[in-house]
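Every chain is numbered from 1, with letters handed out A, B, ... down the list of sequences.
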Amino acid sequence: MSQFDDKPRLDDWSMAMRASHDVHEGMVVNLGMGIPMLVSAFVEPDREVLFHTENGIIGFGRVIEDPDLVDPNCVNAGGQPVERAPGMSFMSHSDSFALIRGGWIDVTMLGSLQVGANGDLSNYHPPGKIIGSIGGAQDLAYCAKKVVVLMTHQTKAGGPKIMSQVTLPITAPTCVSRIVTDVAVLDVTADGIVLREVLGGWDPREIQEITDAELVVPTDVGELSL
Amino acid sequence: MSQFDDKPRLDDWSMAMRASHDVHEGMVVNLGMGIPMLVSAFVEPDREVLFHTENGIIGFGRVIEDPDLVDPNCVNAGGQPVERAPGMSFMSHSDSFALIRGGWIDVTMLGSLQVGANGDLSNYHPPGKIIGSIGGAQDLAYCAKKVVVLMTHQTKAGGPKIMSQVTLPITAPTCVSRIVTDVAVLDVTADGIVLREVLGGWDPREIQEITDAELVVPTDVGELSL
Amino acid sequence: MAVNKVMESFDAAVADVADGSMVHVGGFGTAAEYPSYLIAALARLGVTGLTITGNHSGFSEAQVEMMKQANLGMIKYPVDYVSPGLLVDRGQVAKGILAFPVLNRGLEVPFETLLKQGKVELELIGQGSLAERMRAARAGIAAFYTPVGVGTVVADGKEVRDFDGRPHLLEHALKADVAIIRAHKADRWGNLVYRGTARTFNATMAGAATITIAEVDEVVELGELDPEAIVTAAPYVQRVVVRPAEKSTTWSDPC
Amino acid sequence: MAVNKVMESFDAAVADVADGSMVHVGGFGTAAEYPSYLIAALARLGVTGLTITGNHSGFSEAQVEMMKQANLGMIKYPVDYVSPGLLVDRGQVAKGILAFPVLNRGLEVPFETLLKQGKVELELIGQGSLAERMRAARAGIAAFYTPVGVGTVVADGKEVRDFDGRPHLLEHALKADVAIIRAHKADRWGNLVYRGTARTFNATMAGAATITIAEVDEVVELGELDPEAIVTAAPYVQRVVVRPAEKSTTWSDPC
């Protein structure tokens with residue numbers, strides 16, 4: 001695919017683990033479908049976080065792995081069964097999105113197809129589809145206090161996903177503040193996209209090569225640690 | 001006060017009894033403060049009516065007379081304790097007025113200071129007050145499917161309350177469809193205010209004399225019966 | 001005579017749904033959230049030209065069969081699961097107002113096939129604005145301003161207005177002719193409680209239509225539901241039907 | 001360390017309320033619905049220039065004393081009842097956004113007295129639009145169109161627009177700096193349930209402010225509140241204070 005094929009990359013679980021560092025006690029956190037949903041596994045029980053799922057729970061527990069414990073009426077937005085946890089409550093869809101729209105979500109973590117240098121999020125309309133499904137991501141992207149994107153740094157075909165300007169239809173404009181990829185952690189700032197952490201085995205120039213947007217590289221860029 | 005002082009008049013309870021005839025099984029009914037709140041006493045238990053009070057109950061029972069049975073957290077909008085009844089539910093103020101505004105109240109019965117020939121309701125701002133308290137009556141007046149006013153036909157000073165045009169600030173325009181007074185039952189129609197029933201001892205011309213609005217008097221005007 | 005909204009059959013409950021109606025279809029994504037028996041009854045009724053609203057456009061009968069057989073997920077598919085996609089696949093749907101009209105990857109659902117063929121119309125909308133438009137319909141709010149969607153495909157043709165320096169879209173109440181929803185318990189007045197995440201769009205759609213029909217697990221005695229915990233108050237529900245003790249395995253059987 | 005929103009005193013809970021704040025004051029009309037201890041704490045704090053919102057402007061201390069003594073109604077006045085009128089009477093209130101600023105007959109409440117003297121400003125609004133403006137603030141809706149109030153005093157200066165041939169008023173979200181409310185039970189996350197008709201404006205105001213402070217009868221263990229019956233979800237509540245076992249009889253005592 002490219003000259004970087006032999007370089008180390010984080011798997012989905014490791015990306016989720018890195019992203020979990022941005023989840024602090026007391027936060028209300030919404031995890032989107034895909035990689036973001038793995039994040040909760042890395043939040044130890046003594047770090048109390050109120051996980052929200054837009055289909056109508058606040059304060060649920062872990063994703064359930066044992067089929068005998070599954071309750072089909074206690075699932076997250078991805079359809080995964082989740083644990084009933086002390087302090088949780090159920091709400092209707094309109095109440096759930098009132099919570100989102102009202103700005104009560106501290107952090108949402110979303111997957112994406114592309115992110116623009118200005119923070120534009122394009123995560124609903126894959127190339128070639130007649131239309132995309134905008135789902136509940138749009139409300140989260142517009143209204144959460146902080147939007148973190150978890151995605152591979154490149155498309156499967158090796159193309160860039162962090163763009164000077166997104167080429168796919170946008171879910172929400174200028175909303176992303178942090179991107180965690182399989183090789184780096186980047187922040188969207190007024191000065192552009194700043195490279196914060198780089199995975200061991202990569203250097204910043206190599207990250208720039210697989211990124212369409214021009215990166216700001218501080219002198220103290222760190223190593224991505226899990 | 002006037003030449004009609006010695007004529008019969010319904011007391012508050014009798015007016016409420018007459019108004020109760022317009023409450024039918026299955027209806028959602030909101031009774032305003034004052035005389036309207038007496039109406040529920042005349043709806044026998046086997047005529048199932050869902051009484052709504054805007055402070056947040058649907059389906060409550062009778063007004064409680066025995067101090068030992070009082071629950072200070074189960075009261076109607078007038079602050080009277082009411083019975084918990086099977087099928088009732090509590091709701092917040094915003095949910096309660098969603099129910100009102102959405103048009104889910106079949107009949108509201110309200111007291112009033114004046115009603116106009118076009119159905120204008122003026123029931124919140126007594127003469128001489130610097131301001132009136134509009135309360136919850138406005139939402140009910142605009143949005144209930146039917147608005148019935150219960151009031152004495154005249155002011156305490158003997159002045160008219162059913163006006164060709166109201167002189168007090170309006171609570172809601174052209175909303176009243178029926179008026180039950182202490183001497184008559186009248187309907188607000190496109191042709192004006194129609195006299196439907198007259199209390200025994202009165203004739204329609206006498207009702208007209210104590211009414212500012214010009215009344216339409218059908219040939220078959222009935223006697224007001226309880 | 002007492003107030004009793006409980007009807008004997010799903011077929012009777014939907015019998016007066018007319019061609020061209022707008023139907024809010026409850027549920028969100030997983031099988032246990034859908035009013036399967038009411039969807040099946042609409043399929044049997046054969047009513048056409050429907051506008052359906054909801055989160056997901058749903059799967060075809062064949063796709064559902066495949067999912068029931070494969071049972072890949074953690075959650076078993078109930079034998080009586082019927083997806084709104086059945087109505088789409090049978091050509092009963094003219095338009096969808098949906099947040100998930102297609103799957104973003106994998107399977108091609110009936111709505112996508114028909115959309116490509118120009119046989120259905122789509123109004124794409126995010127879940128939040130869709131849910132709020134339903135809540136507005138129930139609550140007598142004609143329209144509202146939301147910050148969500150400005151500058152995206154969902155804003156096409158909609159008024160934009162600034163509040164506190166932030167642009168907002170004007171979204172209108174979405175009142176359907178009929179809402180078909182799934183709830184857990186009802187009483188004869190139509191009070192409803194839901195079970196867990198099956199509350200979702202089901203509770204949101206209750207009252208957002210002229211006629212709301214609830215498919216429930218159980219009808220309990222009046223007074224048995226906790227007055228502090230009733231989620232949908234009686235006036236919002238016009239009809240209630242109980243799911244059968246013996247599960248249906250064929251949507252086409254009268255029920 | 002665990003999330004814990006429970007605070008030790010009412011004084012501590014309101015200590016950072018600033019002069020000129022907008023305060024949603026919970027309750028509706030009867031004594032048992034009011035956040036009496038939080039009202040008293042604001043009185044002790046002595047903060048001024050407040051805009052208060054709510055149904056009723058409330059009674060003076062003397063009027064409440066009279067009502068406690070007379071006990072005319074069916075419902076006994078609790079000894080620890082404090083009315084929002086205390087704040088008005090003490091001159092802490094610059095403006096009211098209220099549905100019941102004055103009694104339509106009988107007693108002259110402090111707000112009426114000060115209104116006549118030009119010492120308070122009034123925005124009169126019906127209960128429904130007031131409650132919906134609070135709900136909008138909580139739910140991130142900037143403004144909405146309601147049919148209620150067109151052509152009346154509450155419409156002054158407001159935009160009117162037709163929807164389906166019916167005129168509607170544009171009403172804006174009403175987000176306060178602080179909401180003081182009364183609830184029945186809370187947990188340490190701030191989940192709340194109410195008791196009967198004390199739900200009223202208390203539940204409506206929860207989350208309609210930057211800081212929502214709940215005065216509760218009891219704090220229960222996390223998990224004790226039924227997840228199907230929680231009325232106010234934890235994120236809407238920032239602070240919780242428990243009412244004292246021994247009732248206060250003087251609003252001026254630190255508590």
Atom group of [X] that falls short of 4.5 Å from chain A, counting heavy atoms:
{"X": "C:R195", "value": "both"}
{"X": "C:L115", "value": "both"}
{"X": "C:T30", "value": "side chain"}
{"X": "C:L130", "value": "neither"}
{"X": "C:R166", "value": "side chain"}
{"X": "C:F28", "value": "side chain"}
{"X": "C:L103", "value": "backbone"}
{"X": "C:V231", "value": "neither"}

> Counting only N and O atoms by type, is there a donor-acceptor contact under 3.5 Å from the side chain of C:Y37 to the main-chain atoms of C:S248?
Replying inline: yes

>> Between A:T174 and A:G119 (side chain of the first, backbone of the second, donor and acceptor by atom type, cut-off under 3.5 Å), is there such a pair?
In response: no

Using 4.0 Å as the upper bound for N to carboxylate O, is an ion pair formed by [Y] and [X]?
{"X": "C:R243", "Y": "C:D80", "result": "yes"}
{"X": "C:K116", "Y": "C:E108", "result": "yes"}
{"X": "C:E112", "Y": "A:K129", "result": "yes"}
{"X": "A:R178", "Y": "A:D22", "result": "yes"}
{"X": "C:K95", "Y": "C:E123", "result": "yes"}

> With a distance cut-off below 6.0 Å to the six-membered ring centre and an angular limit of 45° from the axis, does C:R138 pair with C:Y236 as a cation-pi contact?
Replying inline: yes

Among [options], residue most engaged with chain C (heavy-atom pairs, under 4.5 Å):
{"options": "A:P81, A:A141, A:P173, A:A98", "result": "A:P81"}
{"options": "A:M91, A:R84, A:Q138", "result": "A:Q138"}
{"options": "A:E54, A:E65, A:M88", "result": "A:E65"}
{"options": "A:S96, A:G132, A:S89, A:G78", "result": "A:G132"}

> Got more than 12 heavy atoms from elsewhere within 6.0 Å of NZ, C:K119?
Replying inline: no

> Heavy-atom distance under 4.5 Å between the side chains of C:L107 and C:F59, does that happen here?
Replying inline: yes

> Considering only heavy atoms, which portion of A:F60 lies under 4.5 Å from any heavy atom of chain C: side chain, backbone, both, or neither?
Replying inline: neither

> Is chain C contacted by the side chain of A:D95, its backbone, both, or neither, given a heavy-atom distance below 4.5 Å?
Replying inline: neither

> Between C:G151, C:A198, C:G29, C:P147, which has the largest tally of heavy atom pairs under 4.5 Å with chain A?
Replying inline: C:P147

